[in-house]
Amino acid sequence: MAAVHETVETVKSVDVDAYKYGFVTDIESEKAPKGLDESTVRYISAKKNEPEWMLEWRLDAFRRWKTMTEPDWSRVHYPKIDYQDLYYYSAPKKMGDGPMTIDDVDPELLRTYEKLGIPLREQEILAGVTTSRVAVDAVFDSVSVATTFKAELNKAGVIFCPISEAVHSHPELVKKYLGSVVPVTDNYFATLNSAVFSDGSFVYVPPGVRCPMELSTYFRINEQNTGQFERTLIIADKGAYVSYLEGCTAPKRDENQLHAAVVELVAHDDAEIKYSTVQNWYPGDSEGRGGIYNFVTKRGDCRGARSKISWTQVETGSAITWKYPSCILRGESSRGEFYSIAISNGRQQVDSGTKMLHLGKNTTSRIISKGIAAGRSDNTYRGQVFAHRKATGARNFTNCDSLLIGNRCGAHTVPYIEARNASSTFEHEATTSKISEDQLFYCMQRGLSAEEATALIVNGFVRDVLQQLPMEFAVEAQKLIAISLEGSVG
Amino acid sequence: MLEIKNLHVRIDDKKILNGLTLTVKPGEVAAIMGPNGSGKSTLSYVIAGRQDYEVTEGEILLDGVNILELDAHERAAKGLFLAFQYPIEIPGVTTMTFLKASLNAQRKQRGEAELSTPDFMKKVRAAADKLGVPQEMLRRPLNVGFSGGEKKRLEVLQMFLLEPRYGILDETDSGLDIDALRIVSEGVNALRSPTRGFLVITHYQRLLDHIVPDVVHVMSRGQIVKTGGKELALELEKNGYRDYVTEAA
């Protein structure tokens, strides 16, 4: 139980409002003028030297966005966002169009990522400064600052680069797939993203290739009053396999910051995509001041037969989280999976879950969701399982557990289940429990302190999901869980 | 020495212990018998440090030191062990993980080094073999889906590992068949030593056939109303608690 002890030690070493990643990097940045109109969209597109078709695509999205209204059906509450009071583009000044090599990157930026524990210098990674070999794309505010292991990935035929670069180097792929899973018109925040997205990662794994290493994108919001609108597009061609992880942090600021990302995954015949998220945006202080609004659209399309997409998420950050990583199970016998740990403490609000849309025959899906609410937070699981008339033999298993710590928090479960054919089998299990006095007393009678006992019980509660994370990140996630729960005992 | 002096305890305005006085000496096995609702389980919880109970008067001394101010985990590290009547399930935490976390938490509190994994495994295996606990059981989540007998056996296994100075057994015989009762009793007997004391709480004489007590206390309405040798248990078996219940009224 080294990990439990370590987590408890970590918890003790920080005070209630401490958020380890809350520092600000002092770096000159270049910003678009505040506010949003067509000229902002043109500004961003011009910054990226985008071709005409890309600009048109953005403008089309922007025009549609203007006709839409912000949705209000989720179980979260926040003051109205003034979209004219935000910056939509911010880039470290010396970056220009992005660096050619790591040596072009501002040393201040490299130090920032070092502080965050993200090594960007391959030689350091290779020299064994860190043990895991993971290719990283680092996105700072609106631009990608570095992508590691590009050469090695190239050898395998894997394309892993900032999406702004892919628009130029692989326009045929971007044109074909961008917006094909999350259409421009999908929803208010996705449409906004389509108009103003600045950067993000692009991955293409060719037929039959098993990506030789974990891919990872690390998002950092630094600038004040700046929204981050990243766009990620991952394509696994026939029989390909890729495992991808995203992480994110932001400085502590008193005002709220908007993060509206779009992630699109496409899996062709027999392909598999594993997408893991460790979301640790600044959650705001214990009174609910500041923190990130995390309004994200993530969707995977199992386009080919026997394809598989698996979402794993550990959500501990953000003032408000509003996201439903989903799977469209189009290909025959395709499979979707969703494993989630969502922890809320303080005044955090979480409304998260998934959608499994069974369109093809004999498609299967599995949902394991663990919600943990502490402090005065609210934690909602919202999930949809749907089987089309033609999706005969579809199967879903859902297990949705909530754990309450203390008596001022709330856990809610909102499932939508609909089968339009008679041969589908859907199972839904849900439990809500509290860490009982009996459990705490039992552990304490054996020698564990109340904090150690809580960490042990929570780690047990989320075990099924933690096992789904890539090894390198499971321990990290376990620590994060204890930190998020600090101050929830006693 | 474990000394309980004039202990008054209540929960939600209901008085449960009314001036209970009791001593367990090192090397001694003391049995407490009494009818349902006499406060036996409450006594075991209060000694172990459960928080829902309010001690309004009296003290509990472990080797002359009052432990009422200590949290349950601190009392555990000082050598108090409670074998639960209804052991608690902890889903997702394997039994092995739990055992190791407990043992090392106690060692840490006492300023001892954590046990290395090989040393720990050796200790667990020895205890498991003695109590007929299969290795497979240790890989399952703690107490989840265990039979009554398995749970009780695991309680005694934990006592083996943690080597307490005083073991309190709260109706460890309930729910056990004859074979399980024998195994559990043998385990407890193997732990008997001149430096270790036991407080055995039970309804029935049959446990005391296997774990032979040095002294038997009869408890009724939150007090010890009679103390005697092991023959007292036999007398209770024959005549029931009737005499003592009215006596205390």
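Side chains included, hydrogens not; waters and symmetry mates left out as well; all remaining heavy atoms used. Not measured: the values here are computed from a predicted model. Every chain is numbered from 1, with letters handed out A, B, ... down the list of sequences.
Counting all heavy atoms, side chain and backbone alike, B:Gly49 lies closest to A:Phe441 at C-CE1, 3.8 Å. When all heavy atoms are compared, the tightest approach of A:Leu448 to B:Ala105 is CD2-CB, 3.7 Å. Here the closest non-hydrogen pair linking A:Arg446 and B:Leu162 is CD-CD1, 3.9 Å. For A:Gln445 against B:Ala76, the heavy-atom pair with the smallest separation is O-CB, 3.0 Å.
Taking CG from A:Asp438 and OH from B:Tyr86, the interatomic distance works out to 12.0 Å, rounded to the nearest 0.5 Å. Taken from CG in A:Leu440 to NE2 in B:His73, the straight-line distance is 12.0 Å, to the nearest 0.5 Å. Put simply, NZ on B:Lys108 and CD on A:Glu452 are 4.5 Å apart, with the number rounded to the nearest 0.5 Å. From A:Met444, atom CE reaches atom CZ of B:Arg75 across 10.0 Å, with rounding to the nearest 0.5 Å. Interatomic distance, OG1 of B:Thr97 versus CG of A:Asn459, reported as 10.0 Å (0.5 Å rounding). Rounded to the nearest 0.5 Å, atoms CD1 (B:Ile90) and CD1 (A:Ile457) are 5.0 Å apart.
Atom CG of B:Asp119 is surrounded by more than 12 heavy atoms from other residues, nucleotides or ligands within 6.0 Å. Other residues, nucleotides and ligands contribute more than 12 heavy atoms inside 6.0 Å of the NZ atom of A:Lys274. Crowding of A:Arg395 atom CZ: a count of heavy atoms from other residues, nucleotides or ligands under 6.0 Å not exceeding 12. More than 12 heavy atoms of other residues, nucleotides or ligands sit less than 6.0 Å from atom CD of B:Glu136. Other residues, nucleotides and ligands contribute more than 12 heavy atoms inside 6.0 Å of the CD atom of B:Glu112.
For B:Leu99, no part sits under 4.5 Å from any heavy atom of chain A, backbone or side chain. Interface residue B:Glu89: only backbone heavy atoms are found under 4.5 Å from chain A. For A:Tyr442, the parts sitting under 4.5 Å from any heavy atom of chain B are the backbone and the side chain alike. Looking at B:Pro87, both its backbone and its side chain come within 4.5 Å of chain A, counting heavy atoms on both sides. Contact of B:Ala77 with chain A is not made at all, since no heavy-atom distance falls under 4.5 Å. For chain B, the nearby part of A:Arg463 is the side chain; its heavy atoms alone come within less than 4.5 Å.
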